[in-house]
Amino acid sequence: MGLMCAHRLNHEQIYSLVRAIPKGCVATYGQIAALAGFPRHARQVGYALAALNDDSVPWHRVINSQGVISERARPGAVEWQRLLLEDEGVVFDHRGRVPLKKYQWQTD
DNA sequence: ACTTTGACGGAAA
DNA sequence: ATTTCCGCCAAAG
């Protein structure tokens with residue numbers, strides 16, 4: 001039933017947290033890992049999202065710690081992600097970065 | 001039981 | 001500011 005503290009970070013834990021990111025906000029890979037209880041596992045969050053095959057996960061709300069949309073193999077993916085974010089009100093700065101101060105999901 | 005495949009982040013130079 | 005180094009590992013075939 002409830003959530004137990006797992007001894008490893010699986011993809012579903014990551015997806016659950018990403019589903020909780022409010023519309024119009026962003027979270028960083030490292031932030032999701034830390035919220036899951038695995039502070040230095042940002043890369044795994046990227047791996048999980050790369051393997052994603054689930055429409056219910058708002059993967060576009062996850063960006064890197066610089067406020068930049070991370071590069072990936074598939075051409076056009078970065079531009080697509082930006083459009084999805086802009087559609088929900090996220091405004092990028094002139095360098096193509098999301099101001100984290102303004103849009104990062106605050107939890108605590 | 002391997003081997004391959006990937007959307008990171010912090011520190012140091 | 002930019003580059004390099006290194007720790008990080010689940011899932012699918």
Side-chain angles (χ1 to χ4, degrees):
Chain A
M1 317 186 28
L3 307 181
M4 289 294 109
C5 33
H7 71 287
R8 68 176 177 159
L9 181 52
N10 65 51
H11 290 185
E12 281 305 327
Q13 302 173 61
I14 293 167
Y15 300 154
S16 295
L17 281 163
V18 174
R19 284 191 193 93
I21 304 170
K23 188 202 265 186
C25 292
V26 296
T28 67
Y29 296 93
Q31 180 182 5
I32 296 299
L35 287 170
F38 293 81
R40 275 167 284 305
H41 296 234
R43 199 165 192 174
Q44 265 193 92
V45 175
Y47 295 152
L49 293 181
L52 190 58
N53 187 9
D54 183 335
D55 295 345
S56 73
V57 180
W59 54 270
H60 59 283
R61 297 180 188 147
V62 184
I63 61 180
N64 67 37
S65 64
Q66 315 310 308
V68 172
I69 294 173
S70 294
E71 288 300 328
R72 62 206 69 169
R74 179 185 245 111
V78 172
E79 292 75 8
W80 174 237
Q81 182 169 357
R82 175 168 176 156
L83 286 175
L84 290 173
L85 287 172
E86 290 177 330
D87 277 350
E88 30 183 77
V90 175
V91 179
F92 286 65
D93 66 19
H94 68 101
R95 286 157 133 172
R97 303 187 320 125
V98 174
L100 293 178
K101 293 255 122 164
K102 182 170 183 181
Y103 296 104
Q104 184 168 26
W105 181 30
Q106 306 299 136
T107 54
D108 293 50

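Proteins come first, then strands; the chains are lettered A, B, ... in the order of their sequence lines, and each starts at number 1. We use all heavy atoms of the structure for the numbers below, so side chains are in, but hydrogens, waters and symmetry mates are not. Since we're looking at a predicted model, the values are computed, not measured.
The structure places CD1 of Ile32(A) at 15.0 Å from NE2 of His41(A), a figure rounded to the nearest 0.5 Å. Separating the CG atom in Asn64(A) from the OG1 atom in Thr28(A) is a distance of 8.5 Å, to the nearest 0.5 Å. Taken to the nearest 0.5 Å, the NE2 atom of His60(A) stands 10.0 Å off from the CD1 atom of Ile69(A). Interatomic distance, CZ of Arg61(A) versus CH2 of Trp105(A), reported as 10.5 Å (0.5 Å rounding). We find the CD-CZ distance between Gln44(A) and Arg8(A) to be 9.5 Å, quoted to the nearest 0.5 Å.
Of the residues in residues 40-50 of chain A, those placing a heavy atom less than 4.0 Å from an atom of DNA chain C are Arg40(A), His41(A), Arg43(A), Gln44(A), Tyr47(A), in numerical order.
Between the OH atom of Tyr29(A) and the C1' atom of dG6(B) there is a distance of 11 Å, rounded to whole Å. Rounded to whole Å, the distance from CG on Leu9(A) to C1' on dC8(B) is 13 Å. We find that CD1 of Ile69(A) is positioned 10 Å from C1' of dA7(B), with the value rounded to whole Å. To the nearest angstrom, P of dG6(B) lies 16 Å from CD1 of Ile14(A).
Note that the first and last nucleotides of DNA chain C, 5' to 3', having any atom under 4.0 angstrom from a heavy atom of chain A are dG7(C) to dA11(C).
Contact annotation for Ala73(A): backbone-only contact, meaning every heavy-atom pair under 4.0 Å involves sugar-phosphate atoms and none involves a base. Contacts of Leu52(A) with the nucleic acid, taken as non-hydrogen atoms under 4.0 Å apart, are absent. Within 4.0 Å of Arg8(A), counting heavy atoms only, lie sugar-phosphate atoms of the nucleic acid but no base atom. Nucleic acid contact class of Glu71(A) (heavy atoms, under 4.0 Å, all strands): sugar-phosphate only.
Across all non-hydrogen atoms, the minimal contact from Val91(A) to Tyr103(A) is N-OH, 3.2 Å.
The separation of dA12(C) from dA1(B), taken at their C1' atoms, amounts to 14 Å, rounded to a whole angstrom. Straight-line distance between the P atoms of dC6(C) and dG6(B): roughly 24 Å, to the nearest whole Å.
Tyr15(A) and Arg19(A) share no side-chain donor-acceptor pair at under 3.5 Å.
In this structure, Ser65(A) does not reach the dC8(B) phosphate: none of its side-chain N or O atoms is under 4.0 Å from OP1 or OP2.
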Candidate pair Leu35(A) and Gln31(A), rule side chain to side chain contact (heavy atoms under 4.5 Å, CB included), full reasoning: CA-CA 6 Å; Leu35(A) 287 170; Gln31(A) 180 182 5; 4.2 Å; yes
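A single hydrophobic cluster is not seen to contain both Val57(A) and Tyr47(A); linkage of ILVMFWY side chains at heavy-atom distances under 4.5 Å, directly or through other members, places them apart.
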